[in-house]
Each structure stands twice: as C-alpha cells, then as structure tokens.
S.K.: 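Handing you a structure now.
Predicted model only: the values in this text are computed from it and were never measured. For the numbers below, each heavy atom of this structure counts, side chains included, while hydrogens, waters and symmetry mates do not. Here is how names work: the chains are called A, B, and so on, in the same order as the sequence lines, proteins then strands, and each is numbered from 1.
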Protein chains: 2
Amino acid sequence: MNPETDTRSRILATAREMFHGRSYADVGIQEICVGAKVQKGSFYHFFPSKQELVMAVIDDMAEDWAHGFVAEAFDQNLPPVERLDYMIDAAYYWQKAASDIEGRMPGCLFGNLALEMSTRDDVMRAKLNAVFDKARDRFRATLDEAVQTGALAPMNTEATGTAMLAYLEGIILLAKTRNDPDVILLLGPAIKTLRIETSQ
Amino acid sequence: MNPETDTRSRILATAREMFHGRSYADVGIQEICVGAKVQKGSFYHFFPSKQELVMAVIDDMAEDWAHGFVAEAFDQNLPPVERLDYMIDAAYYWQKAASDIEGRMPGCLFGNLALEMSTRDDVMRAKLNAVFDKARDRFRATLDEAVQTGALAPMNTEATGTAMLAYLEGIILLAKTRNDPDVILLLGPAIKTLRIETSQ
DNA sequence: CCTTGACTTGACCGACCGGTCTATTATCAT
DNA sequence: ATGATAATAGACCGGTCGGTCAAGTCAAGG
C-alpha cells in the first residue's frame, strides 16, 4: 500500500535477486531500476549509494534467512543431530528451486559477496562476518545441545560449528561451479562427521 | 630474454596477482597494462580479450599449483594421512605470506573466480571445474592409498575427496572473510574427520 | 638493400558506470 | 487553499570500461 515502502522494497527485492544470481560488480543501478520499474532519482532517494544498497540487501536476506528455512531447520523440537540434515536439505531445495527456474545455481549470496568484496570493502566484510557468526552460533547451539543430551561426545562445539559452516559454504561453492545442486545432497550428510576436539 | 615471451609473461604475472588479490570485474585492462609496463596494443597482440587472459591466468596458476606446493603436500613418500595435514599447512603458509605482504587474505583464486564467474561464463566455469576435479583426484588418490594400507577404513574415496576439497575451499572462504589465516590452522586438521561411506 | 611480419605505440571509440541535479508531482497537516 | 515535504522523473555528468586501429619500430631472411 504505502507507496514509499513499496518502491523501496521493490528496489530491494530486485537488487537482491540480481546480486544473488550474478555479482555485485556485474549488476548496475540502471539495471536494477529497470527491473524494479523505478527511476534513478527514486532510487537515490531511498539509497545513498550502491554499497549502501547491497548492505541493505545483506540485512534483508539475513533476516529472511534467520526467520525462514534456517529457523525451521534448527527447529528446537527436532533432535539436535537431525537439524543438521534438515539444514542440508533446506540448502539443497533452495538451490534446486532457483536452479530449476533460472537454469543456474546462484549459490550463497553471503559466500558470493564475501569472496568478491572482502578484499575491497572492510565494512561489508565486517557485515558478512557478522552473518557468518550468527550462522556459526546456530550450529554451535545445536552441537551444545547434542553434547548435553549425550547424542554426541564432548567436543569443541564452537570450532566444530565453524567447521560445519565452512563445509556448507564449500559444498555450495563446488555445487555452483558444477552447476549441479545434487552435489549438496551427495556431500551434505558428511557434515555430521566433522569434529574438532576440545583442546587439552 | 625473448622479448615476446617476456612481455606476455609480464602481463600474465601482473594479471594473476591482481585477479587473485581483487576480482575479475575490479581489475581493468588498463590497470594491468600499467602494472606490467605494457601498452594496450601490445596487450591485445598477445591476448584477444580479457576473458582469454583470465583463462590463461587460470592455466598458469593451476600449473604452478600442481607443480608447486600441492606436489610437495601430496608427496608420495609421506604417509597418506599426513599428506592431508601438509596440504592444510601449505594453504595456511601461502595465505599467511600473502596476508603479511598485502595486508589482506586473497583466498583461493579458483574459488574466487568460481563464485564470481560461474553464473556468467560457462567456458570459465568448465575450466574451473576441471581444476577442481584434478584437486579432487589428488585427494581421492591419497585416500585410496590410505585405505589400501589400512590406515583408513574403506569408504567412498571419490565422494570423500570431493568433500575434503569443498571443506578446504570453505575454510579459505571463511578465513578470507575474517581476514585471518589462522582460521585455516584452527579448522584445517578436521579435514581428516570427513567421511562418506560407500553406498550399499 | 629491401621486404616481411612480429611487436609496440597511443590516440581513439561507443557504451556504460555510479552518481548528481533540477523540475515536477503527490501527499498531507494546517 | 497553502506551504512543506516526500517522492518521482529523467536529462545530464565526468570517468572508466573493454576493445579497435592506423602508424610506426625493429630484427631476421632473402
């Protein structure tokens, strides 16, 4: 309804989809404006710069992510170890869906931006780091619970959680390079085998 | 000596360093020419386009890679499982050295390019895939040997090798985002815990 | 000597980049 | 109705992009 919110969110949604499917450098403001059916002046009314836009996109995606399938995958009602499988499945179906529609795997927006931008923009790097830290915390909390319930032997849950996040990003990277979501299904379940022991 | 070879290899070396430290889109031909002390015309005498240049860079780096520290890390005289640790160490020292010089972690050129370009250029994607396949084969051969000598229980060595490659790329991605090579040291050793069983 | 062809020089091209600016319109409180 | 402000429109800016091209330089072969 609210026209201002509508325009802004249309820009945000269009930019998000384009940045996700391609890259920061490859997507121009002009193109986003056309896609969102907005004029340049309107764009710069809502966003001061391209870099501020992509920061907003990161926030937007992180929000959806945390409240969307990640929240489901890390559902507290599930046994901890099963949540890991759910997370893999969620990643697979997401990439699979995007791949079926667009014909190519977009991969993980955060991973994509991290590799493209973190040598160029420290502010963005910090933001992406924060997103990764939150994801790691989800893993860690799950592992903590698994250890507490005795489902898993004691370990360094923080380091192992980080390792699992790294593995997930690595799988998505490889799957994107092969343009084949099935790689996620093949490699994903092994995430449960990762372990970093508590240092003595 | 040979001036033609010298000019070409100077372009190649400059481009490689710049592409590795930044990104494909962020580095311009002009900038490469200045860095290599070459004129634009000379550049286009040796390389028909920017995309052909980066393909040559990938080949160049892959060559160095295979004959450099990867060859050492996968030294046949080492016990198979130790080679995995060597590989991690090699990755760490490489990134650490680059980080100390440049102040920021460049990450893996192949991983960087894969995420930036694989939705845009299928030829490059295929080339990067081939590089990854070779790396996976190194892992697989090592695992095969470890299984044969009884150091590791039988498993799906191809899938596990792929998983290890994915994990390595994921670790480097995370380390780059944190701009901290030590992440590789912290997470790296867990590569040995990865396992994908032979499907029944 | 003269020709050939690899190599170099640097001006030049159209397209597009992110971003600015002025003018106009829609909205709404007074 | 009016004045302030939010929002939109779209022409415009300097700069840079990848790439082209005509004009040379120069060493080797005949």
S.K.: Taking atom P of D:dC21 as reference, at what distance in whole Å does atom CZ of B:Phe43 sit?
M.R.: 17 Å

S.K.: Measure from the side chain of B:Phe46, starting at C-beta and using heavy atoms only, and say which of C:dT8, D:dA9, D:dG19 lies closest.
M.R.: C:dT8

S.K.: Can you check whether B:Gln39 has a side-chain N or O nearer than 4.0 Å to OP1 or OP2 of C:dT8?
M.R.: no

S.K.: Calculate the interatomic distance between B:Gln51 atom CD and D:dG19 atom C1'; express it in whole Å.
M.R.: 14 Å

S.K.: Would you say D:dT8 has OP1 or OP2 under 4.0 Å from some side-chain N or O of A:Thr7?
M.R.: yes

S.K.: Write out all pairs satisfying salt bridge (Lys or Arg N to Asp or Glu O under 4.0 Å) with one or both partners inside residues 106-118 of chain B, taking only residues at least two apart or from two chains.
M.R.: none

S.K.: For residues 158-190 of chain B, pull every pair meeting ring-ring contact (aromatic ring centres under 6.0 Å, His included), keeping only residues two or more places apart or in separate chains.
M.R.: none

S.K.: When the distance from OH of B:Tyr44 to C1' of C:dC12 is rounded to whole Å, what number comes out?
M.R.: 14 Å

S.K.: Side-chain donor-acceptor contacts of residues 61-73 of chain A below 3.5 Å, not counting sequence neighbours, with atom names and distances?
M.R.:
residue	atom	partner	partner atom	Å
A:Asp64	OD2	A:Arg16	NH1	3.0
A:Asp64	OD2	A:Arg16	NH2	3.2
A:His67	ND1	A:Glu63	O	3.0

S.K.: Give a yes/no answer on whether the side chain of B:His45 brings an N or O atom under 4.0 Å of OP1 or OP2 in C:dC7.
M.R.: yes

S.K.: Starting at CD of A:Glu52 and ending at P of C:dG19, how long is that distance when rounded to a whole Å?
M.R.: 10 Å

S.K.: Between A:Lys40 and D:dG10, does any side-chain N or O lie under 4.0 Å from OP1 or OP2?
M.R.: no

S.K.: Looking only at the side chains, is there a donor atom on one of B:Asp144 and B:Thr157 sitting less than 3.5 Å from an acceptor on the other?
M.R.: yes

S.K.: Specify the separation, in whole Å, of atom NZ of A:Lys50 and atom P of C:dT20.
M.R.: 15 Å

S.K.: May I have all residue pairs that pass side-chain hydrogen bond (donor to acceptor under 3.5 Å, both in side chains) and include part of residues 41-50 of chain B, sequence neighbours excluded?
M.R.: none

S.K.: Would you please name every residue forming a salt bridge (charged side-chain N to carboxylate O under 4.0 Å, His left out) with A:Lys40, sequence neighbours left out?
M.R.: none

S.K.: In whole angstrom, what separates B:Arg10's CZ from C:dT8's C1'?
M.R.: 11 Å

S.K.: Please check if the distance between the ring centroids of A:Phe74 and A:Phe139 is under 6.0 Å.
M.R.: yes

S.K.: Short of 4.0 Å, heavy atom to strand atom, which residues of residues 13-38 of chain A count as contacting DNA chain D?
M.R.: none

